[in-house]
Each structure stands twice: as structure tokens, then as C-alpha cells.
Amino acid sequence: VIPRRGLGPVSPKLRQGGPAALTLAVKDATEIWRDGRFRWAAGLLLLLIAAAVAGGVHNQSQIARQHTDAQHAERDVWLDKGDMNPHAAAHYGAFVFKPVQPLSAIDPGLDPFVGVFVFLEAHKQQLARHRPIEDATPTRRLGQLTPASAALVLLPLLVVSLTFSSFAGERDQGTLRPLLALGLSRRSLLMGKALGALLPLAAVIVPAAAIGGAFVIWKAPADPNAPIVTRAVALALVYLVHTLIWVGLGLTVSARARSQGAALVVLLALWFANAFIMPPLAMAAAKWIDPSPSAIEFAAAIQDEKDSWPTWDERVENVMQRFLDGEFESTLAPSNVEVMALLESERDETSLYNRHFAELFQRWSRQSRSMERLGIVAPTLAARALSAAFAGTDDAHDRDFADAASQYRSAMLTTLNGELAGSGRFNAFDYTRGRDLWEKVPAFDYDPPALRWALTVRMWSALALAAWLAVAVTGAVWSVSSMRLD
Amino acid sequence: MKQLVFAVLALSLLVPAVPMAHPGHDHKLMGTITSIDKNKVLMKTTEGKDMTFEITPTTTMKRGTQKGAQSELKPGMRVVVNVGDGVEPLKAKEVQYSTSTTTANKQ
């Protein structure tokens, strides 16, 4: 009896599909498990993931503690700097540190490549400084094994090794037709093969998730409001969906390929393209579509514009002339011309920096979106974008921190310059204040955005991943329903 | 990362070496003349404070960019007064004025 092609309506045979699929899955899983090569590969992968999680969590908690200590020390330095002019205090400046996200231990994302603190000062807005990669040893530049890269790069390779022969192998050995002749429907066959691949995978995924969860909870930040659980669940979901997509792709290719050798070649090519070709290609394409200035070009553009501004003496003269011409009619403007000129200069500089930074961030955001668009042709790209977003380590989170630092700087300058302007002293630049004023500038307290925000920002990637899951499942169903048996 | 913390703290401690970016120049104050008594001029600053400055023989008078004269000063006139180091009693080094007689701080 040769089962008909296609996955038609439910037949009496299909009623046995569940147990038959399970029997087939157990048989396949047992065979895979008995294969010493799989046990070695799975054991090695589990070891790598555990090591990556342990190393990542240890490193993350150490860095987080150092950032917290540095932020506290910096606050003490700010408060204890003694008496000085309020505007001099603005020049004295303050450092604010980017809080280390708990799940950066799982996916450090861009964290090694972006600065960890921002120096806030009068007249000048800066990008974050000190990128951790600068401290790295030369070997670190070859790449770092992280739990995210293990889940998104190594795990799919294991999936490929488990699925490439699912149908093609049976066909090569001539057992596919007899298998269906036993009365097994194609749908049951597909379910059995999928489960047969997933069960051995569970031997890696379940302990890895347990180890990861245990480490993350053990080293969780003291802050009870840290959105760690929802983000961790979302992260796990991304890795699970990505794995399921690869299972679907593996079964699809295996069902369609001429031989298991051909299936392996196709799947390895897909895996290699997703893991190693598409990320740099997408990055290059994004930069080509929306070129961004280098750090030197960015600074030069700001300086060029500042160079076209009036000199300090011209600015002071301008304030005097405007006053004599009738401006400042109904304001409580400072009576000292230079204080007025200083406030206007600060306002113009803040506006200039805000505009240039906004342009730069918009450009980076467009690049990021371009990269995301390519997730539609490479599921691993979409999964990478979501993984970093849920871990709080992508470019969008970095920009959110930069915005918070910029707003804090504006508030700090408003407090300090406002004190200078409102001092009521003719000689405002000799006016000094102490700790009571420094305390009016609150400590920098940055809360990263919620998971919902991250999901909204990366909605395209989420939709792309969902679409890939649908395509992989549909592809597997269609391939198995129409596959040849000999 | 420890180097990072030390570097930041070292930077923090170095910054106070830069005392102020705007060292004291001559102080120029904006206000409107409220009364004149010989060489003593009372004016209300844009902050709403009353202050008195003295016109000395070395005081330069300017009407806009032109040379001016003390006799042209009138109550209600907007002036920018260079009061030197700002130490009281204030002596004007230069008085720049407009012919406008509007009040500088209608509040």
C-alpha cells in the first residue's frame, strides 16, 4: 500500500498518527542518542554553552559592580569638590556610567564596541567613551563565544547534523517507501522526524537553559525592578523559535534533496551564509545605503559650524546692542552682559550638539533598520537583532542611554547656569557656591526601557522571525507531502 | 575594567585644575537710568535691582558706536555700564547708551 501524496483529510490511519509519530520519534531519537558522535557533539556544545554562560555572568557581574562603584565614587567627587563658581562646576563636569544590563551575560550585543561612560560638561556634548574592546587582548579580537552565539550559530549546526538525513537518508537506504507502506501517514512521518530531531536537541537545550537561568538568577542585580525575568523569557523564546526554524528548514531540505549528501551541502551552505556571510554583508549594505560619518568627520562637522559663529567678544557686543535696541524688555535677564552672552552661547551649543547627535543617531537607526530588513532573507539576522534587543545591548538601547545622559546634562547645566544667572551679583563670575548647590543636581539614575519598547523597536525582526517559522513549517509540510519516495 | 575606574577617578581629580573658563573681565551691566544726581547715576538693572555708579573724569561715554556726552544721559534711558572689577562703590569706566527711554524691566 502506497500512501497517497499530499496531506489530505483525516483518515482512519491518521488517527494512529499520534502514537505512530511518537514511536518513530523515539526510534530516531534513540538511534541518534546511541551514536557516539552525537553524544560528543552535544556534550561539547553543552559544555561550551555552560562555559559561555558562566564566563559571561561572572564578567557581567564584575563589570556591573565596577560601574556602580565608579558611579558612587564619581558622585562623591562631585559633591566634595569644594566651593566654586556654578559655571566653573559645569566645566568641572560629571561622569555618568552606562548601567550593565543583567542579560548582557547572555548576549553582550554591541556592549564591547560602544563606550561605557559619558563625560558631561559645559559647552560640549560628547559620545560615550572607553569601549571595552579597547582593553581586549589580541585573541579577543578573533571573536568571543557567548551564550547567544552558541544558541544562534552552534545550535543550528547541531540541528543541521540531526535533520539533513531525516528523509534523504531513509530514501538513500530505500527505507522511506517501506516506512510509509506500514500505514504511516506523511504527516505522522513529518511529526515523527521533527520530534526525533527535537528530543536529542532537548538534551542540550534543557540543561543549557537551566544552567543559564540558574546563573542569571544567582547573579541577578539587587534591584528588584530590574526587568530580568520577562526579558530572559523573551530571549529564550527567540532562541527556541530560531531553533525550530532550523529544524523546519532541515526537514524541508532533507525531503526535497536528491540525496543526503546534497541535503547536507545545501544546509551547511545555508548555515554558513546565515552565521558568517549575512551579518557583515548586511552591515556593509546598511552603511552603503546610509553612510555615517567617522568620529573625526562628526567632530569636524560640529567644529566647522562653531567656527562660523561670532567670537566671544562679538557675542558680548551683540547682547549689548540688542539690549540698547530694546530687547530683554520684560524678562528677568541677568544684568551682567557676559552672563547673558554665556547663557545664549550655552543654549546655541546645546542646540547645535542636539541637532548633530540627533542626525547621527537617526542615521545609525536607519542603518539598523536596513540590517533588520535583511532578516527577511536570513532568519539568524532577525534572531540576532531580537536577541540583542531583549538583552538590552543593541544600538537602540545604547541610544536611549545617550539620550538620557544628554537630558541629564541639560538639567545639570540649567541648575548650575540658572544659579549663576540668578545670583543677583554684578560680579557673577566671582560668585561661588558649595555642596548645597551640588546636591541640587541629582545623582544620575538611568532605568533601561521596558521589554515592550524593545519589541516595538525591533518589530520588523519579530515579524520576520515569525514569518520564517511559518515558512519553515509550511515548507516542511509541503516538502514531505510532495516528496518522492525513491 | 579596574583601570577604567582608576582612569575616571584620576580624570575627575584633574579637572579641578581648570578653575574657570570665563575668567573675570570688566563687568558690563545692563539697566535703565532712574535718576541722575550730578555724577551719581541710579539705575535699575534688568534683574530689577537698584544700583548706583559714579561717572569719573576718565569715564568714556558712547552713544551706540559714536562718542557721547554725560549731558545726554536722561532718566528712562537704557545703558550698559562697564564697572571694571565690580568692586563697590562702582565707578564707570564706560557708559554706552541708547536714545530709547523705555523701561528695561517691566515685569
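In what follows, every heavy atom counts, from backbone to side chain, and hydrogens, waters and symmetry copies are set aside.
A distance-only check finds no donor-acceptor pair linking the side chain of B/R78 to the backbone of A/D325 [under 3.5 Å].
In this structure, the side chains of B/K28 and A/E338 stay at 4.5 Å or more apart for every pair of heavy atoms. Side-chain atoms of A/L324 and B/Q96, non-hydrogen and from C-beta on, do get closer than 4.5 Å to each other. Side-chain contact between A/M340 and B/M30: present, with at least one pair of heavy atoms (C-beta onward) separated by less than 4.5 Å. Counting only heavy atoms from C-beta outward, the side chains of A/V337 and B/L29 never approach each other to under 4.5 Å.
Neither the backbone nor the side chain of B/V81 has a heavy atom closer than 4.5 Å to any heavy atom of chain A. Residue A/E317 touches chain B through its side chain alone, counting heavy-atom pairs closer than 4.5 Å. Heavy-atom distances place the side chain of A/Q321, and not its backbone, under 4.5 Å from chain B.
For B/K62, the NZ atom is densely surrounded, since the number of other residues' heavy atoms within 6.0 Å is greater than 12. Counting non-hydrogen atoms of neighbouring residues, nucleotides and ligands closer than 6.0 angstrom, the NZ atom of B/K40 reaches no more than 12 such neighbours.
Counting only residues at least two apart or in different chains, side-chain hydrogen bond (donor to acceptor under 3.5 Å, both in side chains) contacts with residues 96-108 of chain A comprise A/K98-A/D398, A/D107-A/S387.
How far NZ of B/K44 is from OG of A/S335: 12.0 Å, rounded to the nearest 0.5 Å.
The ring-ring contact (aromatic ring centres under 6.0 Å, His included) check on A/Y408 picks up A/F444, with sequence neighbours excluded.
In plain terms, the two heavy atoms of B/E47 and A/A421 that are nearest each other are OE2-O, 2.9 Å.
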